[in-house]
Amino acid sequence: MFKGGRRLSSPQLRLFAHVRAEASVPRLGVAVSKKVDKRAVGRNRIKRIARDVFRRQRHELPPGDYVLIAQPGAAALDNAALREQWLQLLGRARSLKPTPPAGTMPASTDARERPATDS
């Protein structure tokens, strides 16, 4: 996920997006550490807002895996500012193109046309 994906950042949020052609739907993972907010209620508020915005925007996103990581300072934002930053990141993620599967090479058109030889 972190190697093959793209990183998109805002001041208090970081999004890792791995858009894959073989994926069927967009999936979300959210990480909010104790460095962001010591209180569980504050961390849960950030996760709840992130999941809600993602659920509403899911139909517009390309299929793949998305991981949102809250940065220190995210707890100081009010709900509207947090939603706005997250919507901006998702807006930038909409334009990402799928990555080809790793370890495969596209088939050559010449290979299909040449007859097999006896060796």
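Of all heavy-atom pairs spanning Arg27 and Arg58, the tightest one is CA-NH2, 4.4 Å. Closest approach of Val36 to Pro72, counting heavy atoms only: CG2-N, 4.0 Å. Contact detail for Ala23 and Pro63: the closest heavy-atom pair is O-CB, 3.5 Å. Here the closest heavy-atom approach between residue Pro62 and residue Val19 is recorded as CB-CG1, 3.7 Å.
Of the inter-residue distances, the one linking Leu89 atom CG with Gln57 atom CD reads 12.0 Å to the nearest 0.5 angstrom. Put simply, NZ on Lys47 and CG on Leu28 are 11.5 Å apart, with the number rounded to the nearest 0.5 Å. Here the CZ atom belonging to Arg6 is positioned 11.5 Å from the NE2 atom belonging to His18, to the nearest 0.5 angstrom. Rounding to the nearest 0.5 angstrom, the gap separating the CG atom in Leu77 from the CH2 atom in Trp86 is 14.5 Å. Remark: Arg83 CZ to Arg56 CZ distance equals 6.5 Å, nearest 0.5 Å.
Side-chain contact between Leu13 and Leu82 is present, with heavy atoms from C-beta onward closer than 4.5 Å. Looking at heavy atoms from C-beta onward, Arg92 lies out of side-chain contact with Gln88 at the 4.5 angstrom threshold. Looking only at side-chain heavy atoms (C-beta outward), Arg7 and Leu15 stay at 4.5 Å or farther from each other.
By the neighbour-count criterion of 12 heavy atoms within 6.0 Å, atom CZ of Arg94 is densely surrounded, having more than that number from other residues, nucleotides or ligands.
A salt bridge does not link Arg48 with Asp52: none of the charged nitrogens is closer than 4.0 Å to a carboxylate oxygen.
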**Study point:** Chi angles and distances behind the side chain to side chain contact (heavy atoms under 4.5 Å, CB included) call for Asp65, Phe16
**Key:** CA-CA 8 Å; Asp65 301 324; Phe16 289 90; over 6 Å; no
Practice item. Step by step, work out the side chain to side chain contact (heavy atoms under 4.5 Å, CB included) result for Val32 and Asp37. Key: CA-CA 8 Å; Val32 183; Asp37 195 345; 5.8 Å; no
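With hydrogens and angles disregarded, a donor-acceptor distance shorter than 3.5 Å links the side chain of Arg45 to the backbone of Ala75. Proximity of a side-chain donor or acceptor of Arg14 to a complementary backbone N or O of Leu68 within less than 3.5 Å is not detected.
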